[in-house]
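Inspection log for the structure reproduced underneath, given as structure tokens.
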Amino acid sequence: MSTALAQKRGLGAAIWDYLTTVDHKKIAQLYLVSGGIFFLIGGLEAMLIRIQLMQPNSDFISAGLYNEMITMHGTTMIFLAAMPLIFALMNAVVPLQIGARDVAFPFLNSLGFWLFLAGGLILNCSWFLGGAPDAGWTAYAPLSATSPGHGVDYYVIGLQISGAGTLIGGINFLVTIVNMRAPGMSYMRMPLFTWASFVTSNLILFAFPALTVGLFLLMFDRMFGSAFFDVGLGGNAIIWEHLFWIFGHPEVYILILPVFGAFSDIFSTFSTKRLFGYSAMVFATVLIGFLGFMVWAHHMFTTGLGPVANSIFAVSTMAIAVPTGIKIFNWLFTMWGGKIRMTSAMLWSIAFIPTFTIGGMTGVMLAAAAADYQYHDTYFVVAHFHYVIVGGVVFGFFAALHYWWPKMFGKVLNEKLGKLAFWPFFIGFHLTFFIQHFLGLMGMPRRYWTYQEGQGLDLGNLISTVGAFLMAIGTLIFVYNVIYTAMKEKKVSGDPWDGRTLEWSIPSPPPFYNFKQTPLVRGLDPLWIEKQDGKTGMTPAEPLGDIHMPNGSFLPFLMSLGLFIAGFGFIYQVDHKGWLALVFIGMGITLGSMLTRSLKDDLGYHVHKEELEEGGGNHES
Amino acid sequence: MKGWMGKFRMLFLFGALSLILSGCGVDNISALKPEGYGSELLFDLMLISIAIMLFVFVIVMAIYTFVIIRYRQKKGQEDYIPKQTEGNKALEIIWTVIPIILLLVLAVPTVQATFDLADNSGSEEEGAINIEVTGNQYWWHFNYKGQEISTSQDLYIPKDKRVHLTMKSTDVIHSFWVPSIAGKMDTNPGDNQNTMSLEAYEEGEYLGQCAELCGPSHSLMDFRVIAVSQEEFDQWVEDMKNVDPEAQPESDVAREGQELFNNNCMSCHAIGSAPAGVGPNMTNFANRSKIAGILDPTKENLVDWIVHPDEIKPGNQMPSNLVNEDEAEKIAEYLLQLDHTDVTPESAEQN
Ligand SMILES: [Cu+2]
């Protein structure tokens, strides 16, 4: 259904449209909005943390609340902001880049989103229902297993549900990229963003189950009296650390690889050059994804695994620096000899290179196992991972959003405001986090609610807090830019950047069926190739014909709603068995919806050739 | 390791680097002011890695600066189409092989240092000092093996001698960290015990902290390592072994305090060589430089602590309001005269 038609039918219909949509472009918007809101919430938590640490011996927020704050900041930023924003980009871009009309499983795509949202909402409900989780986003047992109250229960149930959504999403993109590429789009012609999404989907497939298992064990320990992590009863607390990091380390690459891909596309587009060393870039992406599974124990150098394990994981971790370095140099040489257009998207990308290089260098320092006995769990680590996650992933989001905004919404984000948001964020970022390397080495452990006077930590922390305020200002300007652009900016053509890849060959925003005719791909940067041959668009690979489209469905929302309800039942049945009623009601809704889905045939509908010829196709049967 | 590093540090870069870095932080706290075997070894390792990384950084930044200045679109270039280069095999090989070599250069001392610090063979030797470290929410306990000495919060060691620690926890995971003389190691619950060693080159009182999130008062779980001369340490051992836990204090108030303490507090606290209880061992309490790891050792603070420990360290295991303020005053009087030894944190500072 087109937006024009939806508007005619009023707000209620528009909401219904989004509740039932299976269109990857609308799901991208849903991910973007919810991920964006969670990003602002996580940012607010970060500001409270920084205000608390502005001066020594402060009690702006209490120690208990502080632990809830750091836990929710980390959990929110990773699972509820970064993950959905990655999915927002993948949904908005991948089908277009491979010349597909949708993802392989549109229904599952929608289910993945609603599960994520249900989990995220459950997690945040904890704030209002007795207190948020407080065992850190890593939730190490036995602290997490024994933490009083229901906070950690919310963590377990919330992440379990949203994690299921992520897993579904990952599988969906894997199948989409394997199966739905347009004719001629061989693997070695896929844009880097698609390649990175492919590798990331693989990582999701293999990494998230480890988290699922860990969460189940923790859930049974906390809710059903098992003792997987209780050493007193023969359990083993260290197992949690392994399970968590077998998931947690690849998770870092799940987040960073897609933005690496986005940067590759952006560098190439705004330098008006083919990506330098394309096959090396693909190889490096795959290698990073592979090595990402070999290094989890570098988070555990001080756990006591012994010098042999520590040395092996130290060396394997260092090895990851090699493909990462390959990427940095190839980006530099993509720009070399090019024609650099300093748009906002490019500005964020250019700022990313030195920032990420620093983050990568401290990563190698951390990999030196013995030296990690000093760095581990200090502000040095906090500085390192914010350099890679903010300096990499968040810079990447800003760059990618500026770049693909016109494709998603038909308008270019205001360039002046874009640059105005960049500078305070960029300067604030370095102020906040650079000094933290030193704070850590000077003896400040991470997750410290406060520090004592006379330890030489006062000035550094003050600077760090000032920087955080600058970052907040930058973020707010960006949000303002989004609103301003929606109200004031004019529509642009389908190809405002002189693009090179398939998504720029169709209108912005694209019609709901994306490609009227599937394009024929003749090489890497297919649109660029056609442009060089003097054509304005892609050559179609098929005659104009009927297009088969999936029907919208309310079932994914219902399934997630069921799990949302059941989640509360699981959490509170510990207090009173009566709450099990919620489990039954919720699971009933979910399983009932699944049954409906299985029994009722839904064959989709066709957009007819005639309608396409009229330039419309705004009809839904 | 130390030998060739010593020569290495003569190199200008290292000299400059270590000068800059060691300007950071406060003595006896900062990892950048190494004063012991472990911290010095690790500081050297840090310097090697920083030097290698800076080398790479400079190269990346040089290319980077050149590129973004030289190749920025200029006026009149709007229609210019740059040459579409596919790549360059030779360059690709260069930036694969050189980093591998640099990483190998770093990997060798890393592995050496990792094995060096894990080497615990000295713990079996005649006269070795073996200490069992126990992390608790939110305090530390130290048992000197084979010595029948049990103490909390302050860890006394002789300087210039490697002492060997075995570490465990009674509740959640903690991490024992003394940045200025050694790295850190987790204390795990159960039988999963870790080992590490400590050696301080100078006498001094070194700040230790918990580095693994362990609950609301995680940031208040400070302790101290007090390195004294060998003679002073021997003296301390002697004194601690011969404590009479029931010794009567001199003043009446203190004696009343002792009575109150015995009745209300001994279920968790111990005086003498009794093994770790629910709360810290108090044998040399009057010698502590901080109460509960963080408060200055004044009577006022102590009374405050005894009455409302929860307000000072949220979530800790000591109950509030066990005694009223008056009784707490008397107990404080008693506790503040528990100095069965002349070897105190000040002994470490005299020289
Ligand atoms: Cu602790």
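Remember, it's a predicted structure, so these values are computed and weren't measured experimentally.
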Chain B heavy atoms under 4.5 Å from [X]: which part of the residue, side chain, backbone, both or neither?
X: N67(A); result: side chain
X: F333(A); result: side chain
X: T378(A); result: side chain
X: A141(A); result: backbone
X: F329(A); result: both
X: Y375(A); result: both
X: A237(A); result: side chain
X: A145(A); result: neither
X: A314(A); result: side chain
X: W331(A); result: neither
X: I328(A); result: side chain
X: E68(A); result: neither
X: S268(A); result: neither
X: Q452(A); result: side chain

* Could you tell me whether the side chain of W240(A) and the main chain of T138(A) form a donor-acceptor pair under 3.5 Å? =>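 Flag set: sc W240(A) to bb T138(A) pair under 3.5 Å.
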
Nearest-0.5 Å distance, [atom1] of residue [X] to [atom2] of residue [Y]:
X: L275(A); Y: T334(A); atom1: CG; atom2: OG1; result: 4.5 Å
X: Q374(A); Y: F380(A); atom1: CD; atom2: CZ; result: 11.0 Å
X: M196(B); Y: Y373(A); atom1: CE; atom2: OH; result: 9.5 Å

Name the option with the most non-hydrogen atom pairs under 4.5 Å to chain A; the candidates are [options].
options: G315(B), G215(B), P314(B), A118(B); result: G215(B)
options: N28(B), T85(B), L117(B); result: T85(B)
options: M61(B), M185(B), K74(B), E92(B); result: E92(B)
options: M53(B), Q73(B), K184(B); result: K184(B)

Which atoms of [X] approach chain A - backbone, side chain, both or neither, heavy atom under 4.5 Å:
X: T195(B); answer: neither
X: W95(B); answer: both
X: L102(B); answer: neither
X: I68(B); answer: both
X: L207(B); answer: side chain
X: D186(B); answer: both
X: D222(B); answer: side chain
X: Q137(B); answer: side chain
X: Q77(B); answer: both
X: I52(B); answer: neither

What residue, out of [options], has the most heavy-atom pairs lying under 4.5 Å from chain B?
options: T357(A), L457(A), T146(A); answer: T357(A)
options: D230(A), D134(A), T272(A), T362(A); answer: T272(A)
options: M365(A), M346(A), M281(A), M300(A); answer: M365(A)
options: L332(A), I353(A), L65(A), I358(A); answer: L332(A)
options: Y278(A), F438(A), Y140(A); answer: Y140(A)

Is it the case that atom [atom1] in [X] sees more than 12 heavy atoms from other parts of the structure closer than 6.0 Å?
X: Q532(A); atom1: CD; result: yes
X: D191(B); atom1: CG; result: no
X: F283(A); atom1: CZ; result: no
X: R341(A); atom1: CZ; result: yes
X: K168(B); atom1: NZ; result: no

* To do: Considering non-hydrogen atoms only, spot the tightest contact between D119(B) and S121(B) and give its length.
  =>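 What the structure gives for the nearest pair is OD1-OG, 2.8 Å.
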
* **Parallel, tilted or perpendicular: rings of F223(B) and W140(B) (30°, 60°)** =>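 Rings of W140(B) and F223(B): tilted, 30 to 60°.
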
* Using the ring of each side chain (for Trp, its six-membered ring), is W336(A) parallel, tilted or perpendicular to Y71(B), with breaks at 30° and 60°? ->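 Correct class here is tilted.
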
* Centroid-centroid distance, F244(A) to H299(A), less than 6.0 Å ->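 F244(A) vs H299(A): aromatic centres not under 6.0 Å.
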
* To do: Check whether the ring centres of H218(B) and Y448(A) lie less than 6.0 Å apart, and answer yes or no.
  =>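 When the ring centroids of H218(B) and Y448(A) are compared, they turn out to be within the sub-6.0 Å range.
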
Any donor-acceptor N or O pair under 3.5 Å, side chains [X], [Y]:
X: H298(A); Y: D372(A); result: no
X: T170(B); Y: N136(B); result: yes
X: N461(A); Y: Y379(A); result: no

* Asked: Are side-chain heavy atoms of D498(A) and W528(A) found at a separation under 4.5 Å?
  ->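 Yes, at least one pair of side-chain atoms sits under 4.5 Å.
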
* State, yes or no, whether a side-chain contact exists between T110(B) and S311(A) at a heavy-atom distance under 4.5 Å. =>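 Not in contact.
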
